[in-house]
Every structure is written in C-alpha cells, then in structure tokens.
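See structure below.
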Amino acid sequence: MAEPVLLTRGAVGARIRHFRKRKGFTLGEVSAAAGMCNSVLSRIERGHRPVTPEQSAAIAAHLGVPLASLEGPDLEVVTPEERDLLRTIRSLREDQRISLRRIVSTLAPSEVRP
C-alpha cells in the first residue's frame, strides 16, 4: 500500500489560492464561507498558518473541488492552452499522430523525448 503524501502548509495554501483565483472568488468570499476572517485565509494561502481539516472541507466545498485536490498528491496544473492542444491531438487520425510525434521528437530537447 502506498504511503500517504504529506504536503507542506505552503503547498496546501498555494493550492487553495490557485483554485480560489481560478474560480474567480475573492479572499473574503472564501473566508466567509469557511467561517474565518480574511487574514486567517490569507495566512493559510501564504503557508504561514496550518489549515484544519474542518477549514479544508469548508474551503473545498465552497470552491466546488474535491478535498483531495487541496490535500492529495501533487498534480501538475494543465493550462487551458495545453488542454486545447490535447483535445486537438486526440481528434487526429493515427497516421497524423505518428507524423506529429516525429515532428515533436525533432523539436523537443533530448531529455524530454519519450
């Protein structure tokens, strides 16, 4: 069984800030929904204060994200441009994908080639 991943205060706070801004919420909106003052949430986002399980659950619920997205293993954030590119690649025929793979392998630095 895999060991649980423990994130630092800063990592959890950065995720909260990331989702809050991505969803378009202000610090005041999220802090009010979680039952805390703005300064407490601000300190959590900056990694200066730990977040309690109750606060995490309230924040995740208000942001509309799973609790695991705030506290789970580190996931790389995909930009909207990368998401669009992936959709385009998935819509290509197999022969087009092979050609694209050849082009990318000539352009990409050797350390990131598959």
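Everything numeric here is computed off the predicted structure, so don't read it as measured data. Just the heavy atoms: all of them, side chains too, but no hydrogens, waters or symmetry mates, feed the values below.
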>> Quick one, Leu27 and Arg17 - any side-chain contact, counting heavy atoms below 4.5 Å?
In response: no
>> If you compare all heavy atoms of Ala58 against all heavy atoms of Ala33, which two are closest, and at what distance to 0.1 Å?
In response: CB-O, 4.3 Å
> Which pair of non-hydrogen atoms, one from Val40 and one from Met36, has the smallest distance, and what is that distance?
Replying inline: CG1-SD, 3.8 Å
> Does the side chain of Ser42 pick up a donor-acceptor pair with the side chain of Arg46 at under 3.5 Å?
Replying inline: yes
>> Going by side chain to side chain contact (heavy atoms under 4.5 Å, CB included), name the residues that satisfy it together with Glu94, two or more places apart in sequence or in a different chain.
In response: Arg97, Ile98
> Strictly by modelled atom types, are Thr52 and Gln55 linked by a side-chain donor-acceptor pair under 3.5 Å?
Replying inline: yes
>> Do Ile59 and Arg20 make a side-chain contact, defined as non-hydrogen atoms from C-beta onward lying under 4.5 Å apart?
In response: no
> In Å and rounded to the nearest 0.5 Å, what is the CZ to CG distance from Arg90 to Leu85?
Replying inline: 11.0 Å
> Once you round to the nearest 0.5 Å, how far does CG of Leu70 lie from NE2 of His18?
Replying inline: 10.0 Å
> Rounded to the nearest 0.5 Å, how far apart are OG of Ser39 and NE2 of His48?
Replying inline: 13.0 Å
>> Nearest 0.5 angstrom please: Ser105 OG to Arg102 CZ, how far?
In response: 8.5 Å
> Quick one: ring pair (Phe, Tyr, Trp, His ring centres under 6.0 Å) pairs with a partner in residues 51-71, sequence neighbours left out?
Replying inline: Phe25-His62
>> Please give me the minimum heavy-atom distance between Asn38 and Ser31, naming the atom from each residue.
In response: OD1-OG, 2.7 Å
>> Out of the candidates Ile16, Leu67, Ile44, only one should pair with Ser56 under the side-chain contact (heavy atoms from CB on, under 4.5 Å) rule; please name it.
In response: Leu67
> Below 4.0 angstrom, N of the basic side chain to O of the carboxylate: do Arg15 and Glu71 qualify?
Replying inline: no
> Between Lys23 and Val65, which heavy-atom pair has the shortest distance, and what is it?
Replying inline: CE-CG1, 3.9 Å
>> With rounding to the nearest 0.5 angstrom, report the NZ to CD distance, Lys21 to Glu45.
In response: 7.5 Å
